[in-house]
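Bear in mind the structure is a predicted one, so any value in this text is a computation, not a measurement.
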Amino acid sequence: MNQKRIEQRGLWLGILINTIMAVSGITVFLITDIEALFVDAYFTVITLVSGMVSIIISKVSSKKSQRFPDGLFVLEPIFSLCQSLLTIVLLSLSVVTVSVKAYRYFAFGEGQMMNVGPVLPYEMVMVCLSFTLSWFYSRQNKKINNSSTMLLTETKGTLIDGIMSSGIGVAALLIFLIPVHSPLHFLLYTGDFFVTITLIAFTIKMPFQVIKLAFIEISGGVLQNKQVQQKVEHVVRTNLADDILVKSCVIYKTGMAFRVRVLINGSSHDSINLKKLAQQKQQILTELRHKFAFMNLDLVYDS
């Protein structure tokens with residue numbers, strides 16, 4: 001199956017599942033007014049919107065034109081970068097909101113007891129959907145040798161959603177069991193503060209990881225995936241003749257597009273059969289394109 005088709009199939013299923021999750025999350029948040037659910041629900045909304053945008057990008061990024069002869073693959077890491085930045089902004093705003101609510105309670109005794117009744121069944125369903133969808137994204141990406149930056153972003157984002165849902169569900173259960181006159185009664189009013197802060201502390205690293213990888217791709221940095229690096233190098237060295245010394249094999253990745261730059265010893269340039277070398281280059285490309293659909297190869301002499 002075409003690699004772009006695999007990517008788009010994963011994104012389409014994500015849109016369907018995230019639509020159900022977003023509508024359910026916003027509904028429960030409006031009923032309970034629990035800030036942790038705001039983070040959970042609107043994070044799902046962001047994932048839903050980004051999924052729709054990613055479908056469009058996935059369809060246009062591989063199209064070539066006179067102005068963009070190599071395609072628009074750079075849109076893929078740009079999209080991942082923007083989505084991760086938006087995630088960080090949302091998480092930061094949530095921290096501010098719950099902190100203000102907790103301060104008002106502890107400083108002035110102002111607050112409203114949380115209604116956690118509808119939270120438990122909702123979160124059980126959300127946890128199942130989130131982790132299943134994250135696994136599905138990851139599985140689809142593995143089918144195309146983890147070459148999709150967008151599927152990686154969606155995998156991380158949905159995993160964050162699942163972790164947050166798990167934490168909120170466990171916290172809601174504990175709060176539900178706290179008696180009104182218990183020494184822990186303050187959690188009935190401020191529990192969402194502690195839950196939100198804890199969840200964000202555990203998940204904030206993920207969007208920064210995506211931002212790092214996206215920035216490397218946008219700025220033309222070398223591939224960070226060591227497994228892909230080893231696969232490509234193995235194919236290159238296996239197909240080149242024994243008398244050709246490979247000095248280095250550098251791989252650049254932008255979205256789903258790969259460019260391999262192989263530096264070979266050019267001191268014996270005159271003795272190299274250029275026709276045979278061209279055939280070997282084509283063999284390498286043919287083998288690599290079975291694993292990575294958008295692959296370019298440059299053989300460069302170095303004296």
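Remark: the backbone N or O of Gly14 is paired with a side-chain donor or acceptor of Asn18 at under 3.5 angstrom. In this structure a side-chain-to-backbone donor-acceptor pair under 3.5 Å is missing from Gln227 to Asn145. With hydrogens and angles ignored, the 3.5 Å screen pairs a side-chain donor or acceptor of Lys253 with a backbone N or O of Gly255. At distances below 3.5 Å, not a single donor-acceptor pair connects side-chain atoms of Glu76 with backbone N or O atoms of Thr149. Checked by atom type and distance alone, the side chain of Asn239 never pairs as donor or acceptor with a backbone atom of Ile284 at under 3.5 Å.
Annotation for Phe106: atom CZ counts as buried by contact number, over 12 foreign heavy atoms lying within 6.0 Å. Heavy atoms of other residues, nucleotides or ligands lying less than 6.0 angstrom from CZ of Arg289 number more than 12.
Across all non-hydrogen atoms, the minimal contact from Ser61 to Lys4 is OG-NZ, 3.0 Å. Gly162 and Val127 make their closest contact through O-CG2, 4.2 Å (heavy atoms, listed as atom of the first residue, atom of the second, distance). Closest of all the heavy-atom pairs between Val236 and Cys249 is CG2-SG, 4.4 Å. Taking each heavy atom of Ala214 and Ser80 in turn, the nearest pair found is CB-CB, 4.4 Å. Across all their heavy atoms, Met256 and Ile144 have their closest contact at CE-CD1, 3.9 Å. For the residue pair Leu120 and Gly169, the shortest heavy atom distance occurs at CD2-O, 3.4 Å.
Note that the OG1 atom of Thr238 and the CD atom of Gln280 stand 11.5 Å from one another [nearest 0.5 Å]. To the nearest 0.5 Å, atom OG of residue Ser58 and atom CE of residue Met150 are 4.5 Å apart. Here the straight-line distance linking atom CG of Leu285 with atom CG of Leu297 works out to 5.0 Å at 0.5 Å rounding. Between atom CH2 of residue Trp12 and atom CZ of residue Arg5 there is a gap of 15.0 Å, rounded to the nearest 0.5 Å. The distance from atom OG of Ser182 to atom CG of Leu177, rounded to the nearest 0.5 Å, is 11.0 Å. For the atom pair OG1 (Thr155) and CH2 (Trp135), the distance works out to 12.0 Å, reported to the nearest 0.5 Å.
In the hydrophobic cluster analysis, where Ile, Leu, Val, Met, Phe, Trp and Tyr join through side-chain heavy atoms closer than 4.5 angstrom, Ile20 is grouped apart from Val28. Residues Met124 and Met21 do not share a hydrophobic cluster, clusters being chains of Ile/Leu/Val/Met/Phe/Trp/Tyr side chains in contact below 4.5 Å. Put simply, Val98 and Ile200 are part of the same group of oily side chains (I, L, V, M, F, W, Y) that touch within less than 4.5 Å, one to the next. Connection of Leu263 to Leu277 is not established within any shared hydrophobic cluster, with ILVMFWY side chains joined at heavy-atom distances below 4.5 Å, either directly or through further cluster members. Note: the hydrophobic cluster containing Phe294 also contains Leu11 (ILVMFWY, side chain heavy atoms under 4.5 Å, direct or indirect links).
Residues Leu245 and Ile264 form no side-chain contact, since every pair of their non-hydrogen atoms from C-beta on lies 4.5 Å or further apart. Residues Met52 and Ile56 are not in side-chain contact: their nearest non-hydrogen atoms beyond the backbone lie 4.5 Å or more apart. For the pair Lys291/Val228, no side-chain contact is recorded, criterion being any heavy-atom separation below 4.5 Å from C-beta on. Two residues are said to be in side-chain contact when any heavy atoms from C-beta on lie closer than 4.5 Å; Lys143 and Gln140 meet this criterion. Counting heavy atoms from C-beta on, the side chains of Pro77 and Phe215 never come closer than 4.5 Å. In this structure the side chain of Tyr105 never reaches within 4.5 angstrom of the side chain of Phe193, judged on heavy atoms. Residues Lys64 and Asp70 form no side-chain contact, since every pair of their non-hydrogen atoms from C-beta on lies 4.5 Å or further apart. For the pair Asn146/Ser138, no side-chain contact is recorded, criterion being any heavy-atom separation below 4.5 Å from C-beta on.
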Next item on the list: Determine, step by step, whether Glu217 and Thr254 satisfy the side chain to side chain donor-acceptor pair (under 3.5 Å) criterion, reporting the C-alpha distance in whole Å, the side-chain angles of both residues, the deciding distance to 0.1 Å, and the verdict.
Entry: CA-CA 5 Å; Glu217 291 189 17; Thr254 306; 5.6 Å; no
Would Val300 and Val262 count as a side-chain contact (heavy atoms from CB on, under 4.5 Å) here? Give the steps. CA-CA 6 Å; Val300 182; Val262 180; over 6 Å; no
Handout entry: Step-by-step side chain to side chain donor-acceptor pair (under 3.5 Å) determination, Gln209 to Lys212
Key = CA-CA 5 Å; Gln209 291 174 335; Lys212 177 184 175 181; over 6 Å; no
**Request:** May I have the step-by-step check of side-chain contact (heavy atoms from CB on, under 4.5 Å) for Leu86 and Leu90, ending in yes or no?
**Result:** CA-CA 6 Å; Leu86 185 58; Leu90 174 63; 5.8 Å; no
May I have the step-by-step check of side-chain contact (heavy atoms from CB on, under 4.5 Å) for Thr132 and Ile17, ending in yes or no? CA-CA 10 Å; Thr132 300; Ile17 299 299; over 6 Å; no
Please assess Ser147 against Phe258 for the test side-chain contact (heavy atoms from CB on, under 4.5 Å), listing each intermediate value before the final yes or no.
CA-CA 9 Å; Ser147 61; Phe258 292 82; 3.6 Å; yes
Check the pair Thr158, Ser134 against side chain to side chain donor-acceptor pair (under 3.5 Å), reporting the backbone distance first and the verdict last. CA-CA 5 Å; Thr158 311; Ser134 181; 5.6 Å; no
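With respect to Arg237 and Glu287, no salt bridge is recorded, no charged nitrogen being found less than 4.0 Å from a carboxylate O. Contact check on Asp298 versus Arg259 returns a salt bridge, with a Lys/Arg side-chain nitrogen under 4.0 Å from an Asp/Glu carboxylate oxygen.
Classification of the Phe194-Phe186 ring pair by plane angle, with boundaries at 30° and 60°, yields perpendicular.
Among the candidates Gln229, Lys231, Gln230, the single residue satisfying the side-chain hydrogen bond (donor to acceptor under 3.5 Å, both in side chains) test with Glu233 is Gln229.
By the 4.5 Å side-chain criterion applied to Ile, Leu, Val, Met, Phe, Trp and Tyr, Val222 is assigned to a cluster that also includes Val250, Tyr252.
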